[in-house]
Amino acid sequence: MLRLILAALLVLTGSLAVSAQSSPNEPDTSCETTLHWLQTVRKEQIAAIASGSTISITRICEGDPLEDSGNTVGLAKSLDAVPAIHDALKRQGFRADQVVGIAITGGFVELWVYAG
């Protein structure tokens, strides 16, 4: 069931896995809708993300105020401590404290970033 929900979210947000050569996705036009469906993520789950994981970054609510705090409140240090996440964010010009949502499915990690 979780995989079905995550797959639907990925289709709805039009996410695209990023690599060193690619750029982040266009802003999510549904803004905060995605954040409402994300499950709680613990520090231990973030710490367990492998270095070979595929990291996808989607900008969300660009130009609009963000009223939903997402599922990463208090997790910026944990996110920044994972080299795969830190490096992917840095390549795209983002920081861990800008991540407002995360979904982890096996070796695939989807990050939603609010840059204001």
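If you read the sequence from its start, that first residue is 1, and numbering goes on from there.
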Hey, what do you get for [atom1] ([X]) to [atom2] ([Y]), rounding to the nearest 0.5 Å?
| X | Y | atom1 | atom2 | answer |
| --- | --- | --- | --- | --- |
| Gln98 | Thr72 | CD | OG1 | 11.0 Å |
| Thr40 | Ile102 | OG1 | CD1 | 12.5 Å |
| Ile57 | Arg91 | CD1 | CZ | 7.5 Å |
| Ile46 | Ile104 | CD1 | CD1 | 6.0 Å |

> Which pairs pass salt bridge (Lys or Arg N to Asp or Glu O under 4.0 Å) with one or both residues in residues 70-83, sequence neighbours excluded?
Replying inline: none

> Tell me the salt bridge (Lys or Arg N to Asp or Glu O under 4.0 Å) pairs involving residues 33-42, sequence neighbours left out?
Replying inline: Arg42-Glu44

Closest approach of [X] to [Y] (non-hydrogen atoms, all atoms of both residues):
| X | Y | answer |
| --- | --- | --- |
| Leu111 | Ile85 | CD1-CG2, 3.9 Å |
| Ser51 | Ala84 | O-CB, 3.9 Å |
| Ala103 | Leu38 | CB-CD2, 4.2 Å |
| Tyr114 | Ile60 | CD1-O, 3.3 Å |
| Ser53 | Val109 | CB-CG2, 4.3 Å |
| Phe108 | Ser56 | CZ-CB, 3.7 Å |

> Is there a donor-acceptor pair closer than 3.5 Å between any side-chain N or O of Thr58 and the backbone N or O of Trp112?
Replying inline: no

>> Using the side-chain hydrogen bond (donor to acceptor under 3.5 Å, both in side chains) criterion, which residues pair with Asp97? Sequence neighbours excluded.
In response: Arg95

>> Among residues at least two apart in sequence or on other chains, which ones pass side-chain hydrogen bond (donor to acceptor under 3.5 Å, both in side chains) with Asn71?
In response: none

> With Lys43, which residues qualify under side chain to side chain contact (heavy atoms under 4.5 Å, CB included), at least two apart?
Replying inline: Leu75, Ser78

